[in-house]
Amino acid sequence: MHLSAFTQHCQSSECHARCGQLSTLHGTIETPVFMPVGTQATVKGMTPEALKEIGAQIILGNTYHLYIRPGHELIRSFGGLHGFMHWDRPILTDSGGFQIFSLQELAKITEEGAAFRSHLDGSPLFLSPEDAVQVQEALGSDIMMALDTCIPYPASREETIRATALTNRWAKRCKEAQPHNGQLLFGIVQGGMYTDLRLAAMQELEDIGFDGYALGGLSVGEPKEEMLAILADCAHRMPKDHARYLMGVGTPEDLVEGVFHGIDMFDCVMPTRNARNGMLFTSQGRVVIKNAC
């Protein structure tokens, strides 16, 4: 069993909240942590210096978007994302599974991988689990995500079983393709709104053995109560000695709920998107500063 990159320092006596450290090639991250999203290798409206000023420890880039433009080989020639975007702290890249899911009318999922068309010019593209790892290796991220197939809401149990099994077969292929260069690889727990399917999927991923584990396929249109129920059932059962990541979830309340249930890592486009649109989160609710009042 390989040594975990995650160390838990303390655990609440009243809930599953915990704090710890995650060691990566570009530094150690104190958890719980929120990761600003820089989809196309930039956090919109923020310079790298401004991100450091507000204490961002790690940012997220998107494999799908960077694969399409400007291309992972070009980014590799800049010394990976760190050189390309002038950022010397850790970077996590997601695998592109969610973007392919959101382009469903342009994508076809098979055992081999995802065949899809570029949202830019319609050109045909293909991403296998092995490709997803190779692209992320070229991007040089500290944490890579296994390629998963995201499950729509609502989905039948049969549909969910099939998609979850495919995600786990892809996860095994990603693990076999993982380079031995210090880049961490996280597996993604799918299973839709079925707790038993998620727990079974989690066990399979643990048997394969990843550097961290993520809950994926939440915030895809399900009612908030269902998302919170899955979080309450599953988060604290994720491997204790590894980092736990809740993907794409990010209202202030969601972050508090996630930490309460034992989540270590979060990401969401919400802060930068809302800021660009002039929306503030306040104790009295949301305020749009562009409004005349």
Side-chain angles (χ1 to χ4, degrees), residues 2-6 22-29 31 33 35-41 57-68 71-76 78-85 87-101 113-114 125-150 167-190 205-206 208-217 238-239 242-248 264-267:
H2 66 283
L3 286 172
S4 173
F6 178 77
L22 178 62
S23 302
T24 76
L25 290 170
H26 285 85
T28 299
I29 301 153
T31 65
V33 66
M35 302 182 279
V37 176
T39 304
Q40 304 188 16
Q57 302 182 67
I58 172 173
I59 56 181
L60 184 145
N62 186 272
T63 296
Y64 167 85
H65 288 283
L66 298 169
Y67 173 62
I68 287 182
H72 56 291
E73 289 303 342
L74 179 72
I75 291 176
R76 190 201 296 270
F78 278 85
L81 276 175
H82 291 89
F84 183 74
M85 65 190 291
W87 176 258
D88 58 4
R89 293 183 181 181
I91 296 173
L92 179 146
T93 44
D94 69 8
S95 66
F98 181 76
Q99 281 65 37
I100 293 165
F101 157 76
L125 296 162
F126 183 79
L127 203 60
S128 69
E130 293 79 8
D131 294 335
V133 170
Q134 282 162 14
V135 171
Q136 292 179 86
E137 182 183 4
L139 296 175
S141 53
D142 298 78
I143 302 170
M144 307 188 278
M145 300 304 297
L147 184 64
D148 62 330
T149 172
C150 205
T167 285
N168 282 14
R169 291 195 296 276
W170 282 2
K172 192 166 192 294
R173 287 165 58 187
C174 287
K175 176 66 181 175
E176 284 161 4
Q178 182 182 4
H180 300 291
N181 62 359
Q183 281 179 291
L184 304 178
L185 177 66
F186 281 24
I188 302 177
V189 178
Q190 290 288 354
L205 292 176
E206 206 179 337
I208 296 168
F210 288 91
D211 300 304
Y213 298 87
L215 278 180
M238 295 167 82
H242 289 74
R244 302 163 172 168
Y245 168 24
L246 178 58
M247 302 182 79
D264 306 303
M265 302 166 71
F266 304 86
D267 80 279

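For the single chain, residues carry numbers from 1 onward in sequence order.
Taking 4.5 Å as the limit, some side-chain heavy atom of Trp170 sits within range of a side-chain heavy atom of Thr149. Counting heavy atoms from C-beta on, the side chains of Ile188 and Met247 come closer than 4.5 Å. With contacts defined as side-chain heavy-atom distances shorter than 4.5 Å, the pair Arg244/Phe186 does not qualify. With contacts defined as side-chain heavy-atom distances shorter than 4.5 Å, the pair Asp267/Asp94 does not qualify. Leu139 places a side-chain heavy atom less than 4.5 Å from the side chain of Leu66. Using a 4.5 Å cut-off on side-chain heavy atoms (C-beta onward), Val135 and His72 make contact. The side-chain heavy atoms of Asn168 and Leu205, taken from C-beta on, include a pair separated by under 4.5 Å. By the 4.5 Å heavy-atom criterion applied to side chains, Met145 and Leu185 are not counted as neighbours.
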Could you check Thr93 against Leu81 for side chain to side chain contact (heavy atoms under 4.5 Å, CB included), going step by step and ending with a plain yes or no?
CA-CA 10 Å; Thr93 44; Leu81 276 175; 3.7 Å; yes
Show your working on side chain to side chain contact (heavy atoms under 4.5 Å, CB included) between Val37 and Ile59 and close with a plain yes or no.
CA-CA 6 Å; Val37 176; Ile59 56 181; over 6 Å; no
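How far CD1 of Ile58 is from CG of Leu92: 5.0 Å, rounded to the nearest 0.5 Å. Taken from CG in Leu147 to CD in Glu130, the straight-line distance is 9.5 Å, to the nearest 0.5 Å. Taking CE of Met238 as the start and CG of Asp264 as the end, the distance is 8.5 Å to the nearest 0.5 Å. Here SG of Cys174 is found 8.5 Å from CE of Met144. Values are rounded to the nearest 0.5 Å. Considering CD1 of Ile29 and CZ of Phe6, their distance stands at 10.5 Å, rounded to 0.5 Å. Note that CG of Asp148 is 4.5 Å distant from OG of Ser95, once rounded to the nearest 0.5 Å.
Closest of all the heavy-atom pairs between Arg76 and Ala138 is NH2-CB, 3.4 Å. The nearest pair of heavy atoms linking Gly217 to Cys150 is CA-SG, 3.9 Å. Nearest heavy atoms, Gly27 versus Pro90: O-CG, 3.9 Å.
Looking only at distances, a side-chain donor or acceptor of Thr24 sits under 3.5 Å from a matching main-chain atom of His26. Side chain of Ser141 to main chain of Ile91: no donor-acceptor pair is present (N/O by atom type, distance under 3.5 Å, no hydrogens or angles). Of the possible donor and acceptor atoms, none in the side chain of Arg89 sits under 3.5 Å from a partner among the backbone N and O of Gln57. Lys175 places no side-chain N or O within donor-acceptor distance of the main-chain N or O of Phe210, the cut-off being under 3.5 Å. Not one N or O on the side chain of Glu137 forms a donor-acceptor pair closer than 3.5 Å with the backbone of Val133.
Taking Tyr245 as the reference, nothing meets the ring-ring contact (aromatic ring centres under 6.0 Å, His included) condition, with sequence neighbours excluded. Taking the ring-ring contact (aromatic ring centres under 6.0 Å, His included) definition, one finds that Phe84 meets it with Phe78, sequence neighbours left out. Under the rule for a ring-ring contact (aromatic ring centres under 6.0 Å, His included), the partners of Phe98 that lie at least two apart in sequence or sit in another chain are Phe101. In this view, Thr39 satisfies the side-chain hydrogen bond (donor to acceptor under 3.5 Å, both in side chains) rule with no residue, not counting sequence neighbours. Remark: Gln183 engages Asn181 in a side-chain hydrogen bond (donor to acceptor under 3.5 Å, both in side chains) (not counting sequence neighbours). Among residues two or more places apart in sequence or in another chain, the side-chain hydrogen bond (donor to acceptor under 3.5 Å, both in side chains) test is passed with Gln99 by Asn62.
Between Tyr213 and His242, the two ring planes are perpendicular [angle over 60°; tilted spans 30° to 60°].
In summary, Arg173 and Glu176 do not engage in a salt bridge, as defined by a charged side-chain N under 4.0 Å from a carboxylate O.
Side chain to side chain, Gln190 and Thr167 fail the donor-acceptor criterion of an N or O pair below 3.5 Å.
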